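Below, chain A is the first sequence line, B the second, and so on; all start at residue 1. From a predicted model like this one, the values you see are computed outputs, not experimental measurements.
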Amino acid sequence: MRVTFNGKEDEAADNTTLLDFITAKGIKAEGSAAACDGDVVPKKEWGSFKLKEGMSIDVFNLVAGG
Amino acid sequence: MRYARQRLIKEFEHLDEILAQKRVAVVGTGGLGGLCCRMLTGAGLLHLTIADDDVIEDSNLHRQVLFSEADIGASKSACAKRELERLDSRVQVRTFGRVSEDNFADFAQGADLVMDLSDNVATRLLINRMCARSRTDFIHCSVAASEGMLAAFKFSDRKSAARHGCYACLAGADAAPVFRGITGPYAGAMSCAAATLALRYFAGEDVFGRVWLYDLKNQKIRSFALHRDPQCPDCSGSFGN
């Protein structure tokens with residue numbers, strides 16, 4: 001299915017979870033956060049959160065410096 | 001006369017009068033906290049509590065605008081207080097070193113808003129947890145390389161907090177962001193973003209429940225709605241299910 005990943009068109013297999021998708025991108029969960037269709041998805045829900053056709057997925061770094 | 005230009009901005013017409021009655025507690029007086037405190041004091045805030053247990057080093061001076069070479073080796077919080085008092089002789093600044101669970105209540109006493117402008121994730125998680133427990137409104141701001149993050153949590157409003165959660169809901173209690181360096185303009189941009197959010201909050205705008213991600217290199221901002229993790233160890237005890 002077609003999805004948007006960080007603003008660019010991408011693809012994900014049916015029944016893919018957010019965790020599957022992020023892992024396949026080589027992104028570590030630690031130090032990252034994710035949002036789907038504009039809503040942050042708590043990290044504990046990534047493994048059960050199913051992606052949907054047309055969904056917009058944003059993964060971003062948790063910066064902590066100052 | 002001091003606030004005449006600020007009062008020309010409609011939403012900030014009465015801001016200096018409002019700020020004069022408020023107290024903000026700021027963790028960190030370095031790259032983010034220093035300029036932010038200066039901006040808030042300049043806008044009319046007269047009661048600040050600032051915490052920083054670091055001393056000034058030469059490697060701070062490229063981005064930490066409250067300090068200069070003569071301050072190297074001195075306490076950041078003491079020098080920040082001095083500079084804020086130079087800006088406005090009316091300002092009353094309480095200083096702290098390291099904020100801990102033991103002294104947080106004293107640090108946040110009377111604060112309408114706590115701002116976490118520190119430089120490490122352990123402090124950020126601690127401040128978040130203590131603000132949630134004490135139901136003190138909380139702004140988080142961070143920066144690394146050309147990326148910045150800003151988020152606001154209305155812990156004084158149980159309904160808002162139950163919906164949007166806390167910083168740990170976003171970051172995870174085991175967050176381990178990578179240290180990637182920093183430069184003055186990027187830190188300054190995020191300082192001003194944090195100060196602006198605080199001013200909007202005091203002007204009565206609902207700024208809560210969102211996270212803003214700043215791509216400072218390409219000047220792009222993304223924003224997302226925050227959602228509580230029902231099992232969050234840091235806020236579930238305070239705001240329930």
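For B:Leu170, the parts sitting under 4.5 Å from any heavy atom of chain A are the backbone and the side chain alike.
Heavy-atom contacts from other residues, nucleotides or ligands closer than 6.0 Å to CZ of B:Arg63 number more than 12. Within a 6.0 Å radius of CD in A:Glu53, other residues, nucleotides and ligands contribute more than 12 heavy atoms. Taking a 6.0 Å sphere around CZ of B:Arg163, one finds it holds 12 or fewer heavy atoms contributed by other residues, nucleotides or ligands. For A:Asn15, the CG atom counts as loosely surrounded, since its 6.0 Å shell holds 12 or fewer non-hydrogen atoms of other residues, nucleotides or ligands.
Rounded to the nearest 0.5 angstrom, B:Phe224 CZ and A:Cys36 SG are separated by 9.5 Å. Note that the CG atom of A:Leu62 and the OH atom of B:Tyr167 stand 5.5 Å from one another [nearest 0.5 Å].
Options B:Ser142, B:Gly33, B:Gly28, B:Cys141 differ in how many heavy-atom pairs under 4.5 Å they form with chain A, and the most are formed by B:Ser142. Heavy-atom pairs under 4.5 Å with chain A were tallied for B:Met149, B:Gln64, B:Arg124; the largest tally goes to B:Arg124. When each of B:Ala145, B:Ser118, B:Gly30 is scored by its heavy-atom pairs under 4.5 Å with chain A, the top score falls to B:Ser118.
The nearest pair of heavy atoms linking B:Leu32 to A:Gly65 is CD1-O, 3.7 Å. Taking all atoms of both residues into account, the shortest heavy-atom contact from A:Asp39 to B:His227 is OD1-NE2, 2.8 Å.
The side-chain heavy atoms of A:Phe60 and B:Glu147, taken from C-beta on, include no pair separated by under 4.5 Å.
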Begin with the C-alpha distance, continue with both residues' side-chain angles, and end with the deciding distance and a verdict on side chain to side chain contact (heavy atoms under 4.5 Å, CB included) for A:Val63 and B:Val143. CA-CA 6 Å; A:Val63 295; B:Val143 63; 5.6 Å; no

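Using a distance-only test at 3.5 Å, with no hydrogens or angles considered, no donor-acceptor pair links the side chain of A:Lys44 to the main chain of B:Asp229.
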